[in-house]
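Since the structure comes first, as structure tokens, the remarks are kept for the end.
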There are 2 protein chains.
Amino acid sequence: MPSSAERALLPDSAGMDRVFHALSDRTRRGILERLSRGPALVSELAAPVQLTRMAVSKHVRVLEEARLICREIVGREHRCSLAAEPLQEVDAWLGPYREFWAGTLGALARFVEEEAGGA
Amino acid sequence: MPSSAERALLPDSAGMDRVFHALSDRTRRGILERLSRGPALVSELAAPVQLTRMAVSKHVRVLEEARLICREIVGREHRCSLAAEPLQEVDAWLGPYREFWAGTLGALARFVEEEAGGA
DNA sequence: GCTATAGGAAACCAATTGGTTTCCTTTACT
DNA sequence: AGTAAAGGAAACCAATTGGTTTCCTATAGC
């Protein structure tokens with residue numbers, strides 16, 4: 001069984017597919033943003049969204065399958081809450097590219113400096 | 001005209017949709033990873049990928065439309081290179097959630113500490 | 001016990017995806 | 001000039017998406 005650290009480092013491609021796909025819809029990102037301010041029922045998520053409850057329900061399921069939210073079923077209510085772990089995986093995935101753009105910006109800075117110094 | 005800082009902070013939903021969707025395919029993430037080690041032609045991207053050149057060409061276009069790569073056409077060759085800016089937008093988008101999971105882990109740490117102290 | 005509420009299941013739809021194949025254009029090499 | 005290489009365009013295909021509507025189940029409240 002892989003530890004959570006291993007899970008974050010070995011890029012489980014299928015998992016990342018699911019996470020990025022889940023994030024590729026603004027409605028779903030909106031749901032995540034809402035949940036970052038505390039748990040909510042499915043109907044509470046649906047209320048502000050100008051969409052059918054069922055549409056929101058499907059979005060919730062997509063997020064759940066990407067492990068971005070988890071739901072606790074209490075009575076007839078489904079209480080959804082944010083699960084940030086996959087976002088940490090995204091953060092980790094971003095790692096090398098962070099170095100890349102730091103390099104790019106560094107190179108740009110050096111270029112500008114050279115221009116200023118040389119001219 | 002929005003500055004690059006504004007562009008990074010105002011979440012252009014359609015743009016983010018495109019970026020996350022572009023990232024939601026492992027082939028495309030593979031292309032990005034390849035390009036993080038330097039520019040490449042479309043055929044060089046297609047060579048290792050066990051897919052038609054056309055399929056790769058389409059993936060390249062998706063990445064290009066998400067502004068994740070840019071291509072310089074020189075003669076008959078299309079030289080593709082990584083454009084990390086949208087990844088910085090992803091990084092920025094991640095910001096608040098980073099605080100969230102820091103809080104969660106912080107809370108967990110406190111809980112464990114209390115357990116250890118109280119027991 | 002009856003009614004209202006929270007939510008999923010299933011069927012359906014148009015649009016998009018990821019992939020292919022076949023053909024075409026443009027540039028390079030000899 | 002003639003051929004090989006780089007790559008896009010178009011047509012096509014099966015599978016998936018995002019959305020709807022209609023119906024169904026289970027819990028809660030009077």
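Throughout, protein chains are lettered first and strands after them, A, B, ... in sequence-line order, and every chain is numbered starting at 1.
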For the side chain of [X], counting heavy atoms from C-beta on, which of [options] is nearest?
| X | options | answer |
| --- | --- | --- |
| Met54(A) | dG7(C), dA10(C), dG8(D) | dA10(C) |
| His78(A) | dG7(D), dG7(C), dG18(D) | dG7(C) |
| Leu51(B) | dT20(D), dG19(C), dG7(D) | dG19(C) |
| His21(B) | dT21(C), dG18(C), dG7(D) | dG18(C) |

5' priority, DNA chain D, between Gly75(A) and Lys58(A) [closest heavy atom]: Lys58(A)
Along DNA chain D (nearest heavy atom to each residue), the more 5'-positioned of Val74(A) and Ala55(A):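 Nearer the 5' end of the strand: Ala55(A).
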Which residue lies more 5' along DNA chain C, comparing Gln50(B) with Val60(A) via nearest heavy atoms: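 Its nearest nucleotide being more 5', the pick is Val60(A).
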Mind calculating the distance between [atom1] ([X]) and [atom2] ([N]) to the nearest angstrom?
| X | N | atom1 | atom2 | answer |
| --- | --- | --- | --- | --- |
| Ile31(A) | dG18(D) | CD1 | P | 12 Å |
| Arg61(A) | dT16(D) | CZ | C1' | 15 Å |
| Arg26(A) | dG19(D) | CZ | P | 10 Å |
| Phe20(B) | dT17(C) | CZ | P | 17 Å |
| Ile73(B) | dG8(D) | CD1 | P | 8 Å |
| Glu72(A) | dA6(C) | CD | C1' | 15 Å |
| His59(B) | dG7(D) | NE2 | C1' | 16 Å |
| Asp25(B) | dT16(C) | CG | P | 18 Å |

Val60(A) side chain near Cys80(A) side chain, heavy-atom distance below 4.5 Å: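 In contact.
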Pairwise side-chain contact, Glu99(A) with Ser36(B), heavy-atom cut-off 4.5 Å (strictly under):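 No, every pair of side-chain atoms sits at 4.5 Å or beyond.
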Lys58(B)/Asp25(B) salt bridge by N-O under 4.0 Å criterion: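 Judged by the 4.0 Å cut-off on N to carboxylate O distance, Asp25(B) and Lys58(B) do not form a salt bridge.
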N-O pairing of Arg26(B) and Glu33(B) below 4.0 Å: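 Judged by the 4.0 Å cut-off on N to carboxylate O distance, Arg26(B) and Glu33(B) do not form a salt bridge.
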Smallest separation among heavy atoms of Ala40(A) and Leu45(A), with atom names: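 Taking Ala40(A) first and Leu45(A) second, the nearest heavy atoms are CB-CD2, 3.9 Å.
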Counterpart residues, side-chain contact (heavy atoms from CB on, under 4.5 Å), relative to Ser24(A) (two or more places apart): His21(A), Arg28(A), Phe20(B), His21(B)
Test log, rule salt bridge (Lys or Arg N to Asp or Glu O under 4.0 Å), inputs Glu65(A) and Arg18(A): CA-CA 7 Å; Glu65(A) 279 168 357; Arg18(A) 259 178 271 123; over 6 Å; no
Check: Arg53(B) side chain, dG8(D) base, donor-acceptor under 3.5 Å: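 Checked by distance alone, the answer is yes.
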Under-3.5 Å donor-acceptor pair between Arg76(A) side chain and dT5(C) base: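 Counting by modelled atom types and ignoring angles, a donor-acceptor contact under 3.5 Å is found here.
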dG8(D) phosphate, OP1 or OP2, under 4.0 Å from Ser57(B) side-chain N/O: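 Checking dG8(D) against Ser57(B), a side-chain N or O does come within under 4.0 Å of OP1 or OP2.
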Terminal axis angle for the helix from dG1(C)-dC30(D) to dT30(C)-dA1(D), five pairs an end, nearest 10 degrees: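 The value is 20°.
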Touch class at under 4.0 angstrom, heavy-atom based, for Arg28(A) against every strand present: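 Sugar-phosphate, backbone atoms only, no base.
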Sugar-phosphate, base or nothing in reach of Ser43(A), heavy atoms under 4.0 Å: sugar-phosphate
Heavy atoms of other groups near Arg34(A) CZ, more than 12 under 6.0 Å: yes
